[in-house]
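Structure first, commentary second.
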Amino acid sequence: MTFLALTGWQVLLLCAATSLLVIWLFFLKLRYPRVSVASLLLWRRVLEDTQHRSLLERLRRLLSLLLTLTIALLIVLAFSQPNSDTLTGAPRNVVLILDTALSMAGATADGKTRWLHARARAQQIIESAGATDKFLLADTSGRISTRMTADREELLAALEMMSPTAATMALPAINPKGTWETIFISDGANWASLPAGVQLLSVFEPANNIAITGFNIDSGGSDLNARIAHVEITSYSSQSADVVLTLSNESTPIIRRALTIDVGKTLLATVNLSSELSGGIRAQIESIGDALALDDVAVDYVPPQREVQVTLVTSGNDYLETLLSLEPRVELRIIQPEMYRDESVVDLYVFDRFAPNTAPSRPALLFKPPGRAWLAGTDRNQALRAVVSRVTAWDESHPILKFVSFIDVDIRSARHLDFATEANIQIVAEAAQTPLIVTGESSPHWVMVNFDFEESDFSVRPGFPIFMKNVIAWFVGESLTLQRRVGMVEVPLQQASIKSFDGESVAATTNLGSTWFECLEPGLFVASSGDASLHVAVNLSSHGISDLNRSMLVEQNSDATLNRRLLHRELWVYLLLISIVLITLEWWTYHRRITV
């Protein structure tokens with residue numbers, strides 16, 4: 001046995017001094033006062049009875065002395081804080097790690113969540129530990145990590161601060177000593193394996209979950225001015241489920257649709273929306289027994305469409321004139337090339353087989369223009385004609401080619417121009433290294449199409465009207481809504497202010513030319529920096545998180561993590577409890593004249 005407050009010799013001396021003091025006080029004789037009485041007859045009889053009971057009296061005094069000594073020594077030993085490995089177990093240093101991935105928010109059969117079960121197990125381990133056991137408590141998000149300590153209040157306070165989060169998950173970089181134990185409490189859904197020596201406590205429980213794994217709104221369909229909402233719903237359930245899909249605009253329901261989704265299937269729901277619709281759009285699903293609420297909601301933003309002043313410069317192109325005049329938002333003016341003058345009141349130009357010698361002050365879409373220096377293509381050498389049959393590559397991520405397909409588009413010939421290799425020049429479609437569509441990314445934007453309508457069937461393909469709408473939207477600054485996932489969100493604006501869609505400011509930091517902010521649940525945000533602004537739609541949209549049944553770790557030897565000891569609290573607590581019991585016993589026996 002060891003002592004935490006005193007050395008062994010100090011405890012021995014203190015016990016001896018306490019024993020001597022108790023014995024001296026016990027046998028200390030008081031001087032009784034002398035009193036004159038009329039007769040000693042009665043007092044002699046009392047003295048005779050006392051002599052008859054002398055043996056019993058000695059036993060009573062001995063019992064009182066032993067009780068007093070025991071109580072005093074128990075208090076002294078409690079003060080010295082004794083420790084016994086046999087009773088309370090050997091001291092342990094434990095690194096206790098909790099998985100804070102979003103899958104831990106999945107509901108369990110008892111109505112709680114995996115996270116609540118994990119926290120309860122961690123609390124049980126901490127509270128049942130021995131007095132000399134120490135813990136280092138950490139989570140997988142890297143946000144919370146305590147020192148190695150036996151302070152239960154500090155550990156439980158840190159545990160209370162933890163919660164599932166969308167941060168990047170990783171085991172904390174702790175360099176444990178050889179005698180340290182490492183316990184990991186997790187559902188195993190985000191971990192393929194664990195380092196050697198790490199003990200797993202699993203809180204995994206099979207769960208049914210239906211999730212929105214994709215959501216966006218775009219233009220298309222037979223009515224090119226209409227909006228189409230695409231909602232991807234995936235089942236991670238063990239049985240088919242009935243789902244109710246609701247789309248809302250600014251908290252006003254637009255449509256409710258009942259769906260049925262089979263086990264393990266993905267369902268793509270398409271909803272036609274009004275062309276006048278704008279603002280924040282929220283998709284939400286409801287199903288019985290759904291285990292994760294975070295992936296039941298997704299958001300997107302639809303910018304309002306404004307009227308666009310378009311000047312078409314052409315010697316005659318009925319198809320372009322008709323297409324642009326049918327666009328409701330376009331106010332079209334048509335002029336001959338010789339009538340062209342650069343005007344600032346125009347929102348954009350469309351040049352048909354013509355290009356001015358100097359760059360216009362407004363964005364421009366050019367169809368098979370002659371070579372010009374400002375277009376970055378050579379104007380000194382005559383362009384070569386290339387025979388092309390198919391488009392071999394195109395950048396679907398570029399805003400002007402979103403939802404535009406060049407599959408089976410025939411192009412009989414195109415101009416082959418050499419373009420300067422500049423950062424603001426981008427070839428977004430080509431055929432056998434012949435540039436077909438080239439963009440100028442600097443302001444004002446320009447888009448050049450290096451083939452004519454008569455040389456291609458692109459103009460009669462479904463993708464061409466979408467291409468035209470995308471170009472107009474790009475030119476007038478209707479940038480596509482940034483789609484981001486929950487967690488740390490990056491916005492490609494420097495020192496931008498971030499506000500929620502309700503106008504509340506959100507804390508943000510700037511790093512490497514971008515602005516970062518944290519978002520833990522689906523939501524819409526507005527990022528502003530100077531004159532530039534972007535709408536940001538943050539969604540979960542993660543198959544890895546929504547699939548709550550893909551636990552890849554198996555708990556082994558979980559009993560090894562529990563304390564095998566007779567007593568779970570410090571010995572001084574038990575010593576004080578025993579002394580209190582003995583004091584109560586001595587008080588009771590004294591009043592019953594059992595002790596003196």
Side-chain angles (χ1 to χ4, degrees), residues 100-102 105 141-143 163-169 211-219 227-232 246-254 273 277-285 292-306 397-399 402 470 473-474 476-542 544-546:
T100 51
L102 287 177
S141 68
R143 301 184 179 191
S163 63
T165 179
T168 302
M169 295 296 114
I212 297 178
T213 51
F215 178 55
N216 71 279
I217 300 172
D218 60 75
S219 303
R227 309 286 190 177
I228 299 180
H230 304 278
V231 187
E232 181 185 270
T246 303
L247 293 183
S248 304
N249 177 217
E250 308 293 348
S251 72
T252 302
I254 303 172
L273 305 175
L277 187 69
S278 64
I281 308 297
R282 174 187 173 98
Q284 184 172 6
I285 58 173
L292 187 62
L294 200 61
D295 56 14
D296 294 340
V297 176
V299 294
D300 200 0
Y301 176 77
V302 178
Q305 293 187 345
R306 67 177 182 86
S397 65
H398 197 282
K402 186 179 181 183
N470 288 345
W474 189 49
V476 300
E478 292 177 358
S479 58
L480 297 175
T481 303
L482 288 179
Q483 299 289 340
R484 295 292 188 262
R485 286 188 177 178
V486 294
M488 291 304 299
V489 178
E490 178 189 9
V491 179
L493 294 175
Q494 190 169 11
Q495 294 183 342
S497 63
I498 309 296
K499 291 187 176 181
S500 69
F501 215 59
D502 297 330
E504 297 183 3
S505 297
V506 178
T509 58
T510 298
N511 187 23
L512 300 177
S514 297
T515 300
W516 297 78
F517 68 97
E518 185 179 39
C519 179
L520 301 180
E521 60 184 16
L524 284 172
F525 300 86
V526 180
S528 303
S529 179
D531 296 332
S533 65
L534 290 171
H535 285 84
V536 185
V538 181
N539 295 305
L540 184 59
S541 301
S542 172
I545 294 175
S546 296

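- Atom CZ of Phe215 sits about 12.0 Å away from atom CD1 of Ile285, to the nearest 0.5 Å.
- Side-chain atoms of Arg282 do not come within 3.5 Å of backbone N or O of Val297 as any donor-acceptor pair.
- Taking 4.5 Å as the limit, some side-chain heavy atom of Pro492 sits within range of a side-chain heavy atom of Leu534.
- The CG atom of Asp296 sits 11.0 Å away from the OG1 atom of Thr246 when rounded to the nearest 0.5 Å.
- Listed here is the closest heavy atom pair of Phe525 and Ser500: CD2-CA, 3.7 Å.
- Ring pair Tyr301/His535 is parallel by interplanar angle, where below 30° counts as parallel and above 60° as perpendicular.
- Remark: Leu524 CG to Thr481 OG1 distance equals 7.5 Å, nearest 0.5 Å.
- In this structure, CG on Leu294 lies 10.0 Å from CG on Asn539, to the nearest 0.5 angstrom.
- Contact check for Leu273 versus Asn249: no side-chain heavy atoms found under the 4.5 Å cut-off.
- Not one N or O on the side chain of Thr100 forms a donor-acceptor pair closer than 3.5 Å with the backbone of Thr165.
- Donor-acceptor pairing under 3.5 Å is lacking for the side chains of Asn511 and Glu490.
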Go through Ser514 and Gln494 one step at a time and tell me if the side chain to side chain contact (heavy atoms under 4.5 Å, CB included) criterion holds.
CA-CA 5 Å; Ser514 297; Gln494 190 169 11; over 6 Å; no
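- For Arg227 against Pro303, the heavy-atom pair with the smallest separation is NH2-O, 3.2 Å.
- Separating the OG atom in Ser546 from the CG atom in Leu292 is a distance of 6.0 Å, to the nearest 0.5 Å.
- In this structure the side chain of Val538 reaches within 4.5 angstrom of the side chain of Val486, judged on heavy atoms.
- Pairing each heavy atom of Ala496 with each of Thr515, the nearest pair is N-OG1, 2.9 Å.
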Show your working on side chain to side chain donor-acceptor pair (under 3.5 Å) between Thr213 and Glu232 and close with a plain yes or no.
CA-CA 6 Å; Thr213 51; Glu232 181 185 270; 2.6 Å; yes
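- When side chains are defined from C-beta on, Asp295 does not count as touching Ile545, because their heavy atoms never get closer than 4.5 Å.
- Residue Arg484 holds its CZ atom at 12.5 Å from SG of Cys519, rounded to the nearest 0.5 Å.
- For the residue pair Ser248 and Ile254, the shortest heavy atom distance occurs at C-CD1, 3.9 Å.
- A pairwise comparison of heavy atoms in Phe517 and Val506 identifies CD1-CG1, 4.0 Å as the closest pair.
- Considering all non-hydrogen atoms of both residues, Val231 and Leu247 come closest at CG2-CD2, 4.4 Å.
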